[in-house]
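In what follows, chains carry the letters A, B, and so on, assigned in the order in which the sequence lines appear, proteins first and then strands, with residues in each chain numbered from 1.
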Amino acid sequence: MVRAAFSTINKMIDFKQHVVEALHKVCPSLTLEQLTVLVEVPPDAKMGDFAFPCFQLAKAEKKNPKQLAEDISKAISCDTKLVERVAATGPYVNFFLNRTAFMAQILKTVADNAGQYGHSKLGQGKTVIVEYSSPNIAKPFGVGHLRTTVIGASLTRIYSALGYKVVGINYLGDWGTQFGKLMEAYSRWGDDAELAKHPIQHLYNLYVRFHKEVETDPTLEDKGRAWFQKLESGDAAAVSQWTRFREESIREFERMYAELGIHFDVYEGESDYPKAADAAVSDLVTRGVAIESEGAIVVPLGDDMPPALLRKQDGTTLYLSRDLAAIDARKKKYHFDKILYVVGSEQILHFKQLKALLEKEQPAWAATVEHIPFGRIQGISTRKGTLVFLEDLLSETQERALEKIREAKVLDVNVDENEVARKVGIGAIVFNDLRTRRVKDVEFSWDKVLSFEGETGPYLQYAYARIGRLMEKVGVKVDSKTDVTPLNQEEAWAITRMLANYPNVIRNAAESNEPSFISTYLTDLASAFSSFYQNHRILGASPEFQKAAMLLVGNVRSVLHHGLTLLGVPPIERM
RNA sequence: GUGCCCGUAGCUCAGCCGGAUAGAGCAUCGGUUUUCUAAACCGAGGGUCGCAGGUUCAAGUCCUGCCGGGCACGCCA
């Protein structure tokens, strides 16, 4: 598929297409497809809106690229209603669009799409499963879990915007040896009253203590494993304790998700699959795919990767075997076209093995499985007890936001300052996790999350709120048929180019599973707006300019709203 | 040891399919408010794009090697 520099929404005149066709007439040796790939957007709007680099053609025709660019620019003929002028700059042929025409079209399109601009039917009829968040029960919700939660939630919204049917699954880590360990710890140092009062905190303390004590008493490990074996074989006491741990934990998680505005379509848990996993492993054994090795059951996966361990010596299942069973059940239930696992990069091998197993058994599915890894948060650790809790993050950022609100004194009495502070805090935290490309490790820094200036969530929220107030004060309704000729400022042109590109940004974000593409884009857009706003006063200007400006900034506002929503940063009307 | 990922300004990062002078934010310094919210805007300084080769008309971007950091490598998830 050819990637257009400017979007090609239905019924829109495609300016790039016109440039390509005009070039084709002058350079018939290149096909339309080749030209579409070659034509690019110059780094600076001053150089033009499209450019054709002449290097390749010059080489093929054994000509000087500069001369060739010169010749082409003289020979070419464009419709001046679309392309105002063509000029050679060195080895490039630069095209300058008829700004008024382009602007009129883009601004109208955005306005007429009423908050749906950027949506598409790309994924129509397709189902994508996004497995994300998936916290371990009995562990507090820390900044580490926040990343998968925030990235995954954003991906579900991005895919929905592109017309996919999305199923967001929270696959709880509610099974495994860790629970045996927790039970062992509870039997030694647990306190019933304490568990009732502060369940998460108590379980967390037990977890930390277990890992500390195991260093001096390694037999604890085996005792933990024994507990898990009892749990997996259905021992009543073990099951009832596990149930209690699980329920208390889920309650806490749900509070967090509500706070972040995140909703899951489905809650599953590893505990749903041990039986199915066991059956699947047995099946692989009878069919000779899996073999016994050192008392465990494994599947050799060739020289590229270590064998997949599917059943332990003590007969219990593993994460990998349960994942295998889970994907099977999901395929049958949802008939997905794609499944995304938003899980940290430390599990790359795990998912490589999962895919390799599927390739042996269900090669058609294997291609639909995609691990979406992300970098680690450095400087915090559950085991060492240096975890930063999401609760603390929220309260710190919100307190900071409240201070700022009181300093500025711009809110009137009808606006709830606590509500604004709450949204600013969430915006700061969420955006902080979606700012950079997923794969990068991030060093946790209080300074960074508590900063509301520059490339931050609150910066975007601020721009959004300001546009809203501006529009209220100007009091001119947005009309998509407004004459845009008064918008002859360089800043207005920069904004228009960005608005035109928004649908591509969403598509690219989905293609790469990178919400950060949207973060970067929104920061640029907000910055372009701020620049326009600061340099061109609207209130008190001519009615013609006011009308045109409302169309422009109204569009910025709706795209900001749309993009912020995709990220999970709450838009704020006044702040 | 083997495999995967990262390495761009003092710090945090952007840079799409290789293309025209490598861009932001923070921090530093200087400026902007009787007029649309200063959580903002404008300007200045600051870079051998980890190092060395290679491919190419053209390399931060592709390939190889090395260095530095992170992660993973059978009974955790």
Are any protein N/O atoms closer than 3.5 Å to N/O atoms in nucleotides 57-60 of chain B? If there are, list each pair with its distance.
unit_1	atom_1	unit_2	atom_2	d
B/rC57	OP1	A/Lys59	NZ	2.2

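- Using a 4.0 Å heavy-atom cutoff across all strands shown, A/Met575 reaches at least one base atom of the nucleic acid.
- In this structure, A/Tyr521 has its ring center closer than 6.0 angstrom to the ring center of A/Tyr502.
- Heavy-atom distances to RNA chain B give each of A/Leu470 and A/Ala51 a nearest nucleotide, and the one nearer the 5′ end belongs to A/Ala51.
- Between A/Glu184 and A/Lys223, none of the side-chain N atoms (NZ, or NE/NH1/NH2) sits under 4.0 Å from a carboxylate O, so this pair counts as no salt bridge.
- Across B/rC75, B/rA77, B/rC71, the shortest atom-to-atom separation from the side chain of A/Gln313 is found for B/rC75.
- Listed pair A/Tyr459 / B/rC41 meets the phosphate criterion, a side-chain N or O lying under 4.0 Å from OP1 or OP2.
- Nearest heavy-atom pair, A/Ser321 versus A/Leu310, reported as atom, atom and distance to 0.1 Å: OG-O, 2.9 Å.
- A straight line from CG of A/Leu411 to C1' of B/rA38 spans 15 Å, rounded to a whole angstrom.
- Shown here, B/rA20 forms no base pair; nothing in the strands shown gives a Watson-Crick or G-U wobble contact with both key distances under 3.5 Å.
- Nearest heavy atom pair, residue A/Ile538 against residue A/Phe532, reads CD1-CE2, 4.1 Å.
- Nucleotides B/rA58 and B/rU21 are separated by 15 Å at their C1' atoms, to the nearest Å.
- A 3.5 Å limit on both hydrogen-bonding distances identifies no Watson-Crick or G-U partner for B/rU61.
- The residue A/Leu349 sits close only to the backbone: its heavy atoms come under 4.0 Å of sugar-phosphate atoms, none of a base.
- For A/Arg466 and B/rU35, the CZ to C1' distance is 13 Å, given to the nearest whole Å.
- Between the side chains of A/Lys312 and A/Thr177, at least one donor-acceptor pair of N or O atoms lies under 3.5 Å.
- Between A/Leu460 atom CG and B/rU37 atom C1' there is a gap of 16 Å when expressed in whole angstrom units.
- Summarising the geometry, the separation between CD on A/Glu453 and P on B/rG25 is reported as 12 Å, rounded to the nearest angstrom.
- A donor and an acceptor atom, one from each side chain of A/Glu514 and A/Ser516, are located under 3.5 Å apart.
- Here A/Tyr273 pairs with A/Glu268 under the side chain to side chain donor-acceptor pair (under 3.5 Å) rule; sequence neighbours left out.
- Annotation: A/Phe351 is in aromatic contact with A/Tyr341 [ring centroid separation under 6.0 Å].
- For B/rG25, the paired base is B/rC11 (Watson-Crick or G-U wobble, both distances below 3.5 Å).
- The pair A/Glu472-A/Arg469 meets the salt-bridge criterion, with a side-chain N (NZ, NE, NH1 or NH2) lying under 4.0 Å from an Asp/Glu carboxylate O.
- Scanning atom types as modelled, no donor and acceptor separated by under 3.5 angstrom connect the side chain of A/Ser345 and the base of B/rG70.
- Between A/Asp323 and A/His350, some side-chain heavy-atom pair lies under the 4.5 Å cut-off.
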Listing time: all N or O pairs from protein to nucleotides 7-14 of chain B that are below 3.5 Å?
unit_1	atom_1	unit_2	atom_2	d
B/rG7	OP1	A/Lys440	NZ	3.0
B/rU12	O2'	A/Arg435	NH2	2.6
B/rA14	OP1	A/Arg437	N	3.0
B/rA14	OP2	A/Lys440	NZ	2.7

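- Across all strands, A/Ala465 comes closer than 4.0 Å to base atoms (heavy-atom distances).
- Regarding contacts with the backbone of B/rC76, a side-chain N or O of A/Thr177 is found under 4.0 angstrom from either OP1 or OP2.
- Regarding A/Gln347, its CD atom lies at a distance of 6 Å from the C1' atom of B/rA77, rounded to whole Å.
- Look at the C1' atom in both B/rA59 and B/rA20: the space between them is 14 Å, to the nearest Å.
- In this structure B/rC73 sits in a base pair with B/rG1, meeting the Watson-Crick or G-U test at under 3.5 Å.
- Here the nucleotide nearest the side chain of A/Ser530, chosen from B/rA20, B/rC41, B/rU37, is B/rC41.
- To the nearest angstrom, C1' of B/rA39 lies 15 Å from CD1 of A/Ile467.
- Looking at heavy-atom distances under 4.0 Å, A/Pro91 makes no contact with the nucleic acid at all.
- A/Tyr319 does not qualify as a stacking partner of the B/rC76 base, lacking a centre-to-centre distance under 5.5 Å together with planes within 30°.
- In this structure B/rG30 sits in a base pair with B/rC42, meeting the Watson-Crick or G-U test at under 3.5 Å.
- For a distance-only test at 3.5 Å, the side chain of A/Asn94 qualifies as a donor-acceptor partner of the base of B/rA20.
- In this structure B/rU37 sits in no base pair that meets the Watson-Crick or G-U test at under 3.5 Å.
- When Watson-Crick and G-U wobble pairs are counted only if both distances are under 3.5 Å, B/rC66 pairs with B/rG50.
- Between B/rC6 and A/Arg376, no contact under 4.0 Å exists linking OP1 or OP2 to a side-chain N or O.
- Judged by distance alone, the side chains of A/Asn136 and A/His145 never bring a donor and an acceptor atom under 3.5 Å apart.
- Here B/rC73 is in the anti range [glycosidic angle more than 90° from 0].
- Contacts of A/Val424 with the nucleic acid, taken as non-hydrogen atoms under 4.0 Å apart, include base atoms.
- Between A/Pro307 and A/Phe532, the residue anchored nearer the 5' end of RNA chain B, judged by the nucleotide with its closest heavy atom, is A/Phe532.
- Rounded to whole angstrom, the span from the OH atom of A/Tyr533 across to the C1' atom of B/rU35 amounts to 11 Å.
- No hydrogens or angles considered: a donor-acceptor pair under 3.5 Å links the side chains of A/Thr89 and A/Asn94.
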